Amino acid sequence: FAEKVIGRAEVRKVFRISKVGAVAGSYILDGEARRNASARVLRGSKVLMEKTGIESLKRHENDVREVRTGFECGISLSGFNDFEEGDIIEFFIMERVN
């Protein structure tokens, strides 16, 4: 198996919601964010969180399966609440390599 990056999002605003934690108000820079993908959080050249799941992916208060390039969305990740504006969230899937 090999990792294939399917999209990248930039955190534009962080919302702190009780009982949920931090939600990253994000803009999809390229590719797409998919609910069933894994994610990593990058701040500059540092990886803050690796191989975490997507807890929620919302667009205008609606749960969605995917969000494509050029759209904004709210992203919540499993086990990560330390978002800052400017962080990059990278979405990836594992693909079988022959």
Side-chain angles (χ1 to χ4, degrees):
F1 284 93
E3 196 177 278
K4 178 184 176 193
V5 175
I6 59 169
R8 294 175 58 227
E10 178 186 7
V11 177
R12 298 263 171 105
K13 188 154 177 61
V14 180
F15 301 95
R16 307 249 178 238
I17 301 171
S18 60
K19 297 182 184 175
V20 176
V23 175
S26 305
Y27 177 80
I28 307 299
L29 298 171
D30 56 67
E32 64 185 11
R34 274 193 222 154
R35 177 167 296 226
N36 64 348
S38 295
R40 76 170 55 90
V41 181
L42 308 167
R43 185 172 297 153
S45 60
K46 280 178 52 178
V47 176
L48 300 179
M49 184 72 166
E50 183 80 49
K51 294 184 180 173
T52 186
I54 297 169
E55 212 165 81
S56 76
L57 184 61
K58 292 187 181 261
R59 179 138 171 72
H60 297 300
E61 299 177 8
N62 299 320
D63 282 318
V64 292
R65 232 182 236 140
E66 64 183 36
V67 181
R68 297 182 183 267
T69 305
F71 289 99
E72 294 179 334
C73 60
I75 301 168
S76 177
L77 299 178
S78 303
F80 188 80
N81 281 316
D82 189 31
F83 291 111
E84 284 184 13
E85 291 178 20
D87 286 353
I88 299 293
I89 304 171
E90 217 171 50
F91 302 96
F92 62 92
I93 55 174
M94 297 306 281
E95 242 181 16
R96 182 181 296 267
V97 176
N98 294 334

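Note that this is a predicted model, so its numbers are computed, not measured.
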Acceptor/donor pairs from residues 66-75 side chains to any protein atom, 3.5 angstrom cut, sequence neighbours excluded:
| unit_1 | atom_1 | unit_2 | atom_2 | d |
| --- | --- | --- | --- | --- |
| E66 | OE2 | R68 | NE | 3.3 |
| E66 | OE2 | R68 | NH2 | 2.7 |
| R68 | NH1 | E32 | OE1 | 3.3 |
| T69 | OG1 | G31 | N | 2.9 |
| T69 | OG1 | G31 | O | 2.7 |

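The salt bridge (charged side-chain N to carboxylate O under 4.0 Å, His left out) test applied to E95 returns K4, not counting sequence neighbours. Under the side-chain contact (heavy atoms from CB on, under 4.5 Å) criterion, N62 pairs with no residue, sequence neighbours left out. Residues passing the salt bridge (charged side-chain N to carboxylate O under 4.0 Å, His left out) test with E3 are R40, sequence neighbours excluded. With sequence neighbours excluded, the residues satisfying side-chain contact (heavy atoms from CB on, under 4.5 Å) with D82 are R43, F80.
Scanning all heavy atoms of the two residues, the minimum distance from A9 to F91 falls at CB-CE1, 3.9 Å. Among all heavy-atom pairs drawn from D87 and E84, the shortest one is OD2-N, 2.9 Å. Minimum heavy-atom separation, R34 to L57: C-CD2, 4.2 Å. The two residues I54 and A39 come nearest to each other via the heavy atoms CG1-CB, 4.4 Å. A22 and N81 get closest at one heavy-atom pair: N-OD1, 2.9 Å.
For the pair F83 and I89, the minimum side-chain heavy-atom distance is below 4.5 Å. Counting only heavy atoms from C-beta outward, the side chains of L29 and I88 approach each other to under 4.5 Å. No side-chain heavy atom of L77 sits under 4.5 Å from any side-chain heavy atom of E55.
Interatomic distance, L42 CG to M49 CE, rounded to the nearest 0.5 Å: 12.5 Å.
Think of V97 as one node in a network of Ile, Leu, Val, Met, Phe, Trp and Tyr side chains linked at under 4.5 Å; it has no links at all.
Crowding of R16 atom CZ: a count of heavy atoms from other residues, nucleotides or ligands under 6.0 Å exceeding 12.
A side-chain donor-acceptor contact under 3.5 Å links T52 to the backbone of S78.
Connection of V20 to V11 is not established within any shared hydrophobic cluster, with ILVMFWY side chains joined at heavy-atom distances below 4.5 Å, either directly or through further cluster members.
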